[in-house]
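Both backbone and side-chain heavy atoms feed into the values below; hydrogens, waters and symmetry mates do not. All values derive from a computational prediction rather than experimental measurement.
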Amino acid sequence: MATSQEIEKNVVLLPQTNQLIGLYSIIRDQKTKRGDFVFYSDRIIRLLVEEGLNQLPVEKATIQCHGGNEYTGAKFLGKICGVSIVRAGESMEMGLRDCCRSVRIGKILIQRDEETALPKLFYEKLPEDISERYVFLLDPMLATGGSAIMAVEVLLSRGVQADRIFFLNLLAAPEGIKAFQEKYPSVKIITGGIDEKLDENKYIVPGLGDFGDRYYCI
């Protein structure tokens, strides 16, 4: 079981700037139309991806610049890929592609079993060399954590190291963070917002509604 220090260490919350709060105010508003919801969600997703890239290891690199000058900078170590939890997680793929050209992307489909109310794996398609990569796991909402926990189990079964998995989401509930980090304390959560709680129906409060429906349908 993870300690409180481990949980705090492995949750990265985007800086709650006026700009970010303004973006969330737009996408939380039930009156926001789909076009605006998609546009401003995409802006937040881009910030999450950039923060995910900030978490990757680098090594010092000396660059030859114009005029014969040298610059001591950095280069990334290792390869990355994205894995989206279908379907809402697919909304985050373009933000990753915008930052990382030709990035490999896999998919995992997890749905709730109507008889048991537990998550059930239906489909997976992952890069063959995923065990050699850093993985950005993509899902906009972390509510109970059930789907994310199962997705990590799939990644671990394919040889991915837990500390090479970064779970990116726009909004998280404290209960979901706790469940997820108690199960996988080495996996880092990168989120744009942590809400108050889950309600009796396991919806995030105050939340922003069903992300997938609002992004794709409404």
Side-chain angles (χ1 to χ4, degrees), residues 10-15 19-20 23 27 37-61 63 71 73-111 121-142 145 147-172 180 184 186-193 211-212 214-216:
N10 285 293
V11 177
V12 178
L13 178 65
L14 293 183
Q19 177 190 196
L20 188 67
L23 295 176
I27 67 171
F37 182 86
V38 170
F39 179 82
Y40 292 106
S41 293
D42 286 346
R43 285 189 59 186
I44 298 172
I45 290 166
R46 178 69 177 264
L47 294 172
L48 289 168
V49 171
E50 296 283 7
E51 182 55 42
L53 294 173
N54 283 337
Q55 302 295 321
L56 296 176
V58 297
E59 66 179 4
K60 185 169 71 173
I63 308 301
Y71 170 75
K75 67 177 182 179
F76 291 114
L77 293 174
K79 301 177 291 184
I80 70 168
C81 73
V83 173
S84 59
I85 300 179
V86 180
R87 84 179 154 148
E90 293 174 306
S91 65
M92 304 177 71
E93 293 177 1
M94 186 53 67
L96 179 56
R97 288 193 175 101
D98 286 343
C99 297
C100 305
R101 296 178 61 187
S102 303
V103 65
R104 301 283 302 277
I105 293 181
K107 298 179 186 290
I108 297 176
L109 173 60
I110 296 169
Q111 294 182 344
L121 176 66
F122 279 84
Y123 174 81
E124 62 173 285
K125 185 175 178 59
L126 303 171
E128 293 182 359
D129 63 346
I130 194 169
S131 63
E132 303 170 13
R133 296 176 180 266
Y134 291 89
V135 177
F136 285 6
L137 181 62
L138 310 173
D139 197 12
M141 309 290 277
L142 172 55
S147 295
I149 288 171
M150 178 165 285
V152 171
E153 290 173 357
V154 173
L155 296 175
L156 295 178
S157 72
R158 293 289 296 270
V160 181
Q161 298 177 40
D163 61 0
R164 288 189 168 208
I165 302 172
F166 301 86
F167 180 28
L168 277 57
N169 55 81
L170 281 82
L171 206 57
F180 186 85
Y184 296 117
S186 298
V187 177
K188 188 164 288 186
I189 295 172
I190 300 172
T191 187
F211 188 93
R214 296 190 69 190
Y215 195 95
Y216 290 114

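From L23, atom CG reaches atom CG of L47 across 7.0 Å, with rounding to the nearest 0.5 Å. In this structure, the separation between CG on L155 and CD on Q161 is 12.5 Å, given to the nearest 0.5 Å. Put simply, CG on L168 and CD1 on I190 are 4.5 Å apart, with the number rounded to the nearest 0.5 Å. Note that CD1 of I105 and NZ of K107 are 7.0 Å apart. Values are rounded to the nearest 0.5 Å. Note: F180 CZ to S147 OG = 11.0 Å, rounded to the nearest 0.5 Å. Rounding to the nearest 0.5 Å places SG of C81 at 11.0 Å from CZ of R164.
Under the side chain to side chain contact (heavy atoms under 4.5 Å, CB included) rule, V187 has a single partner from V160, D163, V152, which is V152.
Applying the salt bridge (charged side-chain N to carboxylate O under 4.0 Å, His left out) test to R87 and every residue at least two apart in sequence or in another chain returns D213.
Between Y123 and I108, every side-chain heavy-atom pair lies at or beyond the 4.5 Å cut-off. You'll find the side chain of L156 reaches within 4.5 Å of the side chain of I165, heavy atoms only. Under the 4.5 Å side-chain criterion, counting only non-hydrogen atoms from C-beta, C100 is in contact with I80. Residues V12 and I189 fail the side-chain proximity criterion, which asks for heavy atoms closer than 4.5 Å.
Ring geometry for F166 versus Y134: interplanar angle of 30 to 60°, hence tilted.
Smallest separation of non-hydrogen atoms from F211 and L170: CE1-CD2, 3.8 Å. Nearest approach of N169 to L48, heavy atoms of both residues: O-CD1, 3.5 Å. Looking at every heavy atom in both residues, P140 comes nearest to M92 through N-SD, 3.7 Å. Closest approach of L121 to I110, counting heavy atoms only: CD1-CG1, 4.1 Å. When all heavy atoms of G82 and L96 are compared, the closest pair comes out as CA-CD2, 3.6 Å. For the pair R46 and G95, the tightest heavy-atom approach, listed with the atom from each and the gap, is CD-O, 4.2 Å.
For the residue pair D42 / Y215, a side-chain donor-acceptor distance below 3.5 Å is found, with atom types taken as modelled.
For the pair S157 (side chain) and V154 (backbone), a donor-acceptor distance under 3.5 Å is present. The closest donor-acceptor contact from the side chain of Y216 to the backbone of S91 lies under 3.5 Å.
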Please list, one pair per line, the donor and acceptor atoms closer than 3.5 Å that link side chains of residues 52-59 to other protein atoms, with sequence neighbours excluded.
residue: N54; atom: ND2; partner: E51; partner atom: OE1; Å: 3.3
residue: Q55; atom: OE1; partner: K188; partner atom: NZ; Å: 3.1
residue: Q55; atom: NE2; partner: E51; partner atom: OE2; Å: 2.7
residue: E59; atom: OE2; partner: K75; partner atom: NZ; Å: 3.4

Determine all donor-acceptor pairs shorter than 3.5 Å in which one atom belongs to a side chain in residues 124-131; sequence neighbours excluded.
residue: E124; atom: OE1; partner: R158; partner atom: NH1; Å: 3.4
residue: D129; atom: OD1; partner: R133; partner atom: NE; Å: 2.9
residue: D129; atom: OD2; partner: K79; partner atom: NZ; Å: 3.2
residue: D129; atom: OD2; partner: R133; partner atom: NE; Å: 3.3
residue: D129; atom: OD2; partner: R133; partner atom: NH2; Å: 3.1

(request) Please lay out, stage by stage, how E90 and S84 fare under the test side-chain hydrogen bond (donor to acceptor under 3.5 Å, both in side chains). (result) CA-CA 5 Å; E90 293 174 306; S84 59; 5.0 Å; no
(request) Run the numbers on L137 and I85 for side-chain contact (heavy atoms from CB on, under 4.5 Å), then give the verdict. (result) CA-CA 8 Å; L137 181 62; I85 300 179; 3.9 Å; yes
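Aromatic pair Y184/F167: ring centres not closer than 6.0 Å.
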